[in-house]
Amino acid sequence: MREPVIHDLRQFIEILRREKEIITIEEEVDPYLEIAEIHRRVIVAGGPALFFTNVKGSGFPVVTNLFGTARRMELAFGRRPVKFVQDLVHTVETMLPPTLGKLWQKRGLLHQAAGIGLKRTSRAPILANRQTPPRLNDLPLLTSWHSDGGAFVTLPLVYTEDPLGRGHNLGMYRIQRFDDTTTGIHWQIHKGGGYHYHEAEKRHEALPMTLYIGGPPALMLAAIAPLPENIPELLLASLLLGKKLPITADPEGGHPLVANAEFAVKGVVPPHVRRPEGPFGDHYGYNSLTHDYPIFQAQRLYHRRDAIYPATVVGRPKQEDFFIGDFLQDLLSPLFPLVMSGVRQLKTFGEAGFHCLAAARVTDRYPREAFASGLRILGEGQLSLTKFLIVTDGDLDVADFPALWRHILERVDWRTDLFVFANVSQDTLDYTGPSVNFGSKAMLLGLGKEARRVLPEEFQGSLPQGCDRAKAMLPGTLVVQGHGYEQDRELPGRLAAHAGVADWPVVVLVDDLASATVNLQEFIWTFFTRFEPAADIHAAGCETVRRFHQGLTPPVVFDCRMKPWYPPILEVDPATKALVDGKMPKILPGY
């Protein structure tokens with residue numbers, strides 16, 4: 001049966017209503033902190049999407065948690081896009097040399113491909129209302145955390161075009177509202193919109209920009225997808241939509257408009273202008289700091305009749321981006337062997353904010369081919385921001401972290417298989433390095449069919465002074481609670497050299513054992529978001545540098561304690577917690 005085409009946001013909401021996957025809340029709610037805390041409680045419980053009809057200070061309703069379960073992701077996109085990409089890859093692999101017979105066999109795929117693209121239309125709901133100048137304060141932008149620097153667009157769809165005519169970019173870059181006509185634009189490194197702005201700024205030109213909010217789910221997903229540079233996101237939106245994406249002319253000129261978006265804000269990003277943006281709670285789970293970014297000068301605002309404002313909440317994993325990221329990996333993973341020869345499976349872990357941890361299953365047909373595949377991954381688009389990459393040639397699902405980690409630790413040769421690359425770029429939101437955007441990354445190999453060692457699973461040893469508790473979290477991995485970083489900076493070295501932990505290949509040093517080991521999610525988050533490879537990996541011994549490589553003697557200690565320069569962990573403020581505690585029994589019994 002053909003899956004339905006979801007033309008716009010409201011059609012998706014109707015599907016969620018029919019499937020009993022959304023709850024309408026008529027009680028007045030405040031976009032300042034309150035909506036975000038309600039959302040967080042519901043998503044932790046695996047609950048429904050939330051439609052707030054009575055939003056304080058705004059005439060627009062707010063919908064959140066649209067994509068907060070795998071079930072709702074399936075309702076939004078079905079299996080058709082995934083199957084199309086799989087069929088496309090299979091065609092590329094088997095078509096050569098092309099023949100009429102082969103083309104005829106693939107006629108269904110070719111027909112689908114012909115339906116992908118953009119389509120001009122004069123029937124454009126986005127043009128129903130226009131504000132010139134815009135009143136951005138009318139929009140119910142959320143403030144998610146009490147420490148945030150202001151209200152943000154949390155599902156922004158930012159459209160720009162290359163000043164040199166090399167295509168467009170649709171990306172999700174945070175927009176902080178400063179006033180009715182001015183916002184920040186958080187263009188991070190390695191992002192397409194930032195490249196466009198860099199080129200315009202070199203020419204001392206303002207960059208035209210369109211900010212969309214809402215639209216078909218396909219548009220939102222395309223903005224998040226980590227596509228290679230110069231691959232058009234609007235074409236991916238069309239593929240996900242299942243038909244050509246309708247666009248319409250802007251009566252005032254400039255970029256055409258996506259016809260079924262809920263809101264569209266048109267304006268420019270002037271060159272050589274910066275303004276402090278932030279602080280903000282980020283998807284790593286920390287309260288990132290204030291930095292200077294370009295500004296967006298809004299000139300006009302379009303919106304649909306009875307427009308609906310979609311939002312999400314950014315914070316400690318797992319949030320909505322976890323489910324979106326998993327779907328995107330399912331969608332794009334068949335392409336990996338085509339663009340990165342030798343890579344059979346690739347997984348980035350949302351539990352650690354995606355960029356902090358990735359794993360790959362690769363071929364290893366000649367000595368250290370796996371290393372070459374790892375370098376290819378670390379050189380590919382946004383994957384180049386990966387901080388810790390695990391590589392194996394084993395016959396296993398690398399998305400299963402406990403099985404993967406055990407497999408690696410059984411095979412790793414610490415003398416040759418850990419590579420640390422210092423003084424490289426690091427994700428803007430990762431503060432573990434010495435300064436913003438700078439740090440290090442590491443690649444850990446675990447190769448071969450046969451295990452090298454049997455891993456310990458129970459701790460019966462002793463701990464050095466400064467450590468008071470320990471727990472075996474996974475085979476071969478001991479989590480140890482010790483003094484804080486400022487109190488005892490030399491503790492990782494003493495711990496690595498202590499005979500009582502000598503049997504353990506990996507020791508993870510933390511501030512709080514109970515919170516780090518409560519479940520696998522918290523373990524991965526604590527482990528991989530709180531260390532920098534070049535600074536925080538220690539070992540019982542370090543071999544003399546041979547051929548410019550530093551070999552290690554286990555145990556290898558990862559210092560995952562909080563450091564003084566790390567931003568604080570995101571926590572709900574007591575006043576907001578108390579407010580929502582009082583409201584939840586009335587508006588959402590059971591949550």
Side-chain angles (χ1 to χ4, degrees), residues 6-13 60 62-64 66-67 76 118-121 124-131 134-136 138-142 152-161 167-177 181 183-187 191-193 196-197 207-225 227 232-238 240-241 244-269 296-312 324:
I6 300 178
H7 300 278
D8 56 19
L9 175 63
R10 51 200 67 198
Q11 185 180 359
F12 181 46
I13 290 172
F60 299 106
V62 171
V63 63
T64 75
L66 287 166
F67 308 112
L118 307 179
K119 178 181 70 175
R120 293 274 180 173
T121 181
I126 187 62
L127 297 178
N129 296 277
R130 177 173 25 172
Q131 291 180 3
R135 299 188 299 275
L136 298 183
D138 289 350
L139 303 183
L141 276 61
L142 302 191
F152 300 89
V153 181
T154 52
L155 282 176
L157 313 175
V158 177
Y159 178 87
T160 57
E161 294 179 353
H168 70 260
N169 176 258
L170 183 73
M172 195 164 282
Y173 313 113
R174 192 181 59 255
I175 300 287
Q176 178 180 351
R177 180 178 59 198
T181 60
T183 78
I185 170 67
H186 188 95
W187 271 321
K191 301 296 176 71
H196 292 173
Y197 179 67
L207 180 70
M209 183 184 122
T210 302
L211 165 65
Y212 295 108
I213 307 171
L219 195 68
M220 301 186 211
L221 199 73
I224 301 171
L227 296 178
E233 285 82 7
L234 292 186
L235 290 188
L236 175 59
S238 172
L240 294 167
L241 192 63
K244 291 184 183 292
L245 181 70
I247 60 172
T248 193
D250 180 350
E252 297 283 332
H255 299 154
L257 296 167
V258 175
N260 291 326
E262 296 292 317
F263 300 88
V265 187
K266 300 289 287 283
V268 298
V269 184
F296 172 52
Q297 295 175 333
Q299 297 167 337
R300 56 192 178 277
L301 165 67
Y302 296 96
H303 68 82
R304 295 181 63 151
R305 187 174 293 108
D306 302 320
I308 301 167
Y309 182 88
T312 189
I324 294 171

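Values below: every heavy atom of this structure, side chains too, minus hydrogens, waters and symmetry copies. The structure displayed is predicted, hence computed values, not measured ones.
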pair [X]-[Y]: side-chain heavy atoms closer than 4.5 Å:
X: Thr183; Y: Phe152; answer: no
X: Leu211; Y: Leu157; answer: no
X: Val268; Y: Phe296; answer: no
X: Thr181; Y: Pro134; answer: yes
X: Leu257; Y: Tyr159; answer: no
X: His255; Y: Pro208; answer: yes
X: Pro246; Y: Leu241; answer: yes
X: Glu161; Y: Leu207; answer: no

Review point. Where do Phe67 and Leu221 land on the side chain to side chain contact (heavy atoms under 4.5 Å, CB included) test, with the steps shown first?
Key: CA-CA 10 Å; Phe67 308 112; Leu221 199 73; over 6 Å; no
If you take all heavy atoms of [X] and [Y], which pair is closest and at what distance?
X: Pro217; Y: Ile6; value: CD-CG2, 3.7 Å
X: His168; Y: Pro232; value: CE1-CB, 3.3 Å
X: Arg305; Y: Ala128; value: N-CB, 3.7 Å
X: Ile126; Y: Ala261; value: CD1-O, 3.4 Å
X: Ser238; Y: Lys244; value: OG-CA, 3.6 Å
X: Pro125; Y: Ala259; value: CD-O, 3.2 Å

Exercise for review: Using side-chain hydrogen bond (donor to acceptor under 3.5 Å, both in side chains) as the criterion, list what pairs up with Gln176, not counting sequence neighbours.
Suggested key: none
As an exercise, state the distance from [atom1] of [X] to [atom2] of [Y], rounded to the nearest 0.5 Å.
X: Trp187; Y: Arg174; atom1: CH2; atom2: CZ; answer: 13.5 Å
X: Leu301; Y: Leu139; atom1: CG; atom2: CG; answer: 6.0 Å
X: Ile247; Y: Arg120; atom1: CD1; atom2: CZ; answer: 4.5 Å
X: Leu219; Y: Ile213; atom1: CG; atom2: CD1; answer: 12.0 Å
X: Leu235; Y: Leu245; atom1: CG; atom2: CG; answer: 9.5 Å
X: Tyr212; Y: Lys266; atom1: OH; atom2: NZ; answer: 6.5 Å

Review point. Do Tyr173 side-chain atoms and Gly193 backbone N/O form a donor-acceptor pair below 3.5 Å?
Key: yes
Review point. Donor-acceptor pair, Glu262 side chain versus Ile308 backbone, under 3.5 Å?
Key: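 A pair under 3.5 Å: yes.
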Exercise for review: Begin with the C-alpha distance, continue with both residues' side-chain angles, and end with the deciding distance and a verdict on side chain to side chain contact (heavy atoms under 4.5 Å, CB included) for Met209 and Tyr197.
Suggested key: CA-CA 10 Å; Met209 183 184 122; Tyr197 179 67; over 6 Å; no
Using side chain to side chain contact (heavy atoms under 4.5 Å, CB included) as the criterion, point out the one residue from [options] that pairs with [X].
X: Tyr302; options: Thr210, Leu127, Val265; answer: Leu127
X: Val158; options: Val269, Ile175, Leu170; answer: Ile175
X: Tyr309; options: Leu141, Val63, Leu155; answer: Leu141

Point to revise | Note: Arg10-Asp306 ion pair, threshold 4.0 Å (strictly below) | key: no
**Study point:** side chain to side chain contact (heavy atoms under 4.5 Å, CB included) assessment of Leu234 paired with Leu118
**Key:** CA-CA 8 Å; Leu234 292 186; Leu118 307 179; 3.9 Å; yes
Review point. Is the distance between the ring centroids of Phe60 and His303 under 6.0 Å?
Key: yes
Point to revise | Residues Asn169, Glu233; criterion side chain to side chain contact (heavy atoms under 4.5 Å, CB included); working and verdict | key: CA-CA 6 Å; Asn169 176 258; Glu233 285 82 7; 3.3 Å; yes
